[in-house]
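Sequential numbering from 1 along the given sequence is applied to the chain's residues. Because the structure is a prediction, the values reported are computed rather than measured.
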Amino acid sequence: MIRLICTLVAVLMPLKALAIEIQEVTSPGGITAWLVEEDSIPFTALDIRFSGGANEEPLNQRGVTYLMMGLLEEGSADLDSQGFAEAAETLAARMSFDANNDSVSVGISFLTENRDASIALLRDALTDPTFDQAAVERVRDQVLAGLAAAARDPQEIASKTFAGLSFPGHPYGMPLEGTPETVSALTIADLRAAHARALTRDQVQVGVTGDITAEELGPLLDTLLGGLPATGDEPAPMVKTMLDGGVTVMDFPSPQSVVLFGQDGIAFEDPDYFAAFVLNHILGGSGFASRLMTEVREKRGLTYGIGTYLAPRDLTNQILGQFSSSNDKAAEAIEIVRTVWKEVSEGGVTQEQLDAAKTYLTGAYPLRFDGNSRIASILVGMQATGLPIDYIIDRNDKIDAVTLEDVRRVAARILKPEALHFVVVGQPEGLTTGSF
């Protein structure tokens with residue numbers, strides 16, 4: 001079944017426009033994908049996302065999904081790790097395998113002349129991984145080395161601490177890669193169970209861009225994904241943030257302190273999300289015009305950069321931000337962040353700031369459509385967040401529709417300066433855990 005949906009004209013570079021026509025394609029076996037045909041280059045990109053991810057793994061096996069996805073290109077069917085790599089290189093096929101808490105993802109780009117062989121190679125990786133013991137131990141050692149490096153990285157320490165305080169006893173509160181203890185204990189049986197749990201047809205979203213027609217794509221989807229299990233586990237339940245306002249200091253010998261801060265956020269499906277999105281750009285979005293950048297860097301020179309972002313996840317939502325500052329100025333910078341948070345929450349946004357934010361956000365959006373792989377990823381992201389297929393047409397209208405009254409109302413609703421928690425990794429002067 002093929003349903004022609006919409007056309008987007010996106011300016012990808014000065015004086016050049018690309019018309020993007022999205023089709024919804026359903027394979028004979030019932031697998032759905034969103035497709036943008038582009039036959040000017042004999043090249044196709046697929047982006048595949050399976051919902052659920054590492055949130056579905058047992059806590060005592062934390063890291064099993066991450067390790068499993070890292071092993072999918074380390075041997076499949078009758079190929080060992082070297083044979084798989086050589087086959088992909090011969091075909092000029094680029095593959096990626098990734099895991100995060102909410103999903104696992106797979107990407108492939110291939111030449112049209114090598115389409116069938118490339119898809120067959122990826123199919124074997126997805127449906128028939130070998131999990132050879134030697135490859136498991138080698139990749140496990142790489143993960144353990146990464147965990148050891150992260151334990152010495154102040155940014156990683158801040159992220160791990162903030163997550164652990166926010167979500168104790170939940171996968172969100174533990175490193176995606178696991179801990180040395182959990183990773184060391186993982187067995188091949190654990191990896192096979194994680195594979196069966198994470199890659200199922202009922203959880204898949206597919207985005208495709210390039211030199212392939214809808215008629216060709218349908219059978220390809222069944223060839224590639226039809227051998228996966230039909231269903232997986234029930235979705236994990238929503239989780240609440242367990243973090244109150246305050247400061248947590250992690251001693252780390254460094255002339256600078258890394259500061260990660262945040263509070264509860266807003267869900268993507270919330271009617272106020274677009275107003276919150278514009279609000280965040282004004283508060284701490286990209287560039288040098290945000291309120292936090294102006295107050296913390298430009299006026300006082302307390303940091304080289306500071307930013308905030310909305311972090312809507314499948315099971316919870318936060319507003320997060322970060323900066324680095326010298327140890328003798330970290331406390332002052334934190335106080336300025338609190339002050340700006342309070343001012344904005346009390347209506348301190350002007351029409352001029354709103355207009356500038358909307359101009360930037362609407363102008364930058366078309367530049368995201370800058371290649372087959374990127375477009376395929378956008379199509380998958382739209383499906384994963386439940387957006388309609390014509391979203392790309394209406395998205396900028398939703399931004400333009402945000403009013404000053406909307407922004408001020410949402411600021412009062414979601415910005416809670418008393419709820420801000422700051423994790424500080426360094427040796428900040430005048431700051432101790434619990435201080436506020």
Side-chain angles (χ1 to χ4, degrees), residues 48-77 80-81 84 95-107 122-151 156 159-160 163-164 166-205 225 227-239 313-316 384:
I48 307 165
R49 182 189 192 271
F50 297 88
S51 301
N55 281 328
E56 298 180 348
E57 64 190 20
L59 285 181
N60 65 354
Q61 295 180 16
R62 187 59 171 165
V64 66
T65 307
Y66 182 84
L67 180 60
M68 180 273 294
M69 291 300 293
L71 284 160
L72 293 186
E73 59 183 336
E74 295 295 329
S76 60
D80 59 13
S81 175
F84 187 92
M95 300 185 197
S96 62
F97 303 87
D98 198 12
N100 63 43
N101 283 317
D102 292 328
S103 67
V104 298
S105 58
V106 178
L122 180 58
R123 178 198 60 214
D124 287 345
L126 296 180
T127 61
D128 191 19
T130 57
F131 297 124
D132 174 73
Q133 187 68 54
V136 170
E137 296 308 323
R138 176 167 47 79
V139 178
R140 189 202 311 265
D141 286 346
Q142 294 170 0
V143 173
L144 291 171
L147 289 172
E156 294 293 331
S159 296
K160 177 182 177 181
S166 297
F167 308 107
H170 189 274
Y172 279 154
M174 298 178 66
L176 173 69
E177 302 84 356
T179 68
E181 294 76 20
T182 60
V183 173
S184 297
L186 293 174
T187 67
I188 291 178
D190 295 333
L191 293 166
R192 294 199 179 280
H195 174 261
R197 182 171 57 240
L199 277 67
T200 61
R201 298 198 306 274
D202 63 326
Q203 301 179 112
V204 72
Q205 300 97 32
L225 304 171
L228 294 173
T231 60
D233 293 346
E234 290 294 318
M238 298 295 289
V239 60
R313 305 175 188 172
D314 284 1
L315 306 182
T316 194

Taking side chain as C-beta onward, heavy atoms only, is Gln61 less than 4.5 Å from Leu186? yes
Check whether Arg62 reaches the backbone of Glu181 with its side chain - one donor and one acceptor, N or O, closer than 3.5 Å. no
Distance in Å, Gln203 CD paired with Phe50 CZ, rounded so as to fall on 0.5 Å steps: 8.5 Å
Considering only heavy atoms from C-beta outward, does the side chain of Met68 approach that of Arg197 to under 4.5 Å? no
Can you confirm whether Phe84 is buried at CZ, in the sense that more than 12 heavy atoms of other residues, nucleotides or ligands lie under 6.0 Å from that atom? yes
More than 12 heavy atoms of other groups within 6.0 Å of Glu137 CD: yes
Is a side-chain donor or acceptor of Asn55 paired with a backbone partner of Asn101 at a separation under 3.5 angstrom? yes
As an exercise, state the distance from CG of Leu72 to CG of Leu199, rounded to the nearest 0.5 Å. 6.5 Å
Spell out, as yes or no, whether a donor-acceptor pair under 3.5 Å connects the side chain of Arg140 to the backbone of Val183. yes
Just do the side-chain contact (heavy atoms from CB on, under 4.5 Å) check on Thr179 and Leu147 with the steps written out, would you? CA-CA 7 Å; Thr179 68; Leu147 289 172; 5.5 Å; no
Answer whether the closest heavy-atom distance between the side chains of Leu59 and Pro171 falls below 4.5 Å. yes
So how far is it from Leu191 CG to Leu67 CG, rounded to the nearest 0.5 Å? 5.0 Å
Interatomic spacing from OG1 in Thr130 to CG in Asp128 - rounded to 0.5 Å: 8.0 Å
Full working for side-chain contact (heavy atoms from CB on, under 4.5 Å) between Ser81 and Asp132: CA-CA 9 Å; Ser81 175; Asp132 174 73; over 6 Å; no
Is the shortest side-chain heavy-atom distance between Phe97 and Leu122 below 4.5 Å? yes
Within-4.5 Å side-chain heavy-atom neighbours: Arg49 and Asp98: no
Determine whether the side chains of Tyr172 and Asp314 contain a donor N or O and an acceptor N or O closer than 3.5 Å. no
The test is side-chain contact (heavy atoms from CB on, under 4.5 Å); show your working for Val136 and Glu74 and say whether it passes. CA-CA 8 Å; Val136 170; Glu74 295 295 329; over 6 Å; no
Picking from Thr127, Thr200, Asp202, what satisfies side chain to side chain contact (heavy atoms under 4.5 Å, CB included) with Leu228? Thr127
Euclidean distance, Ile48 CD1 relative to Ser96 OG, rounded to 0.5 Å: 9.0 Å
Side chain of Glu57, backbone of Thr65: donor and acceptor closer than 3.5 Å? yes
At what distance, to the nearest 0.5 angstrom, does NE2 of His170 lie from OG1 of Thr316? 8.5 Å
Who are the ring-ring contact (aromatic ring centres under 6.0 Å, His included) partners of His195, not counting sequence neighbours? none
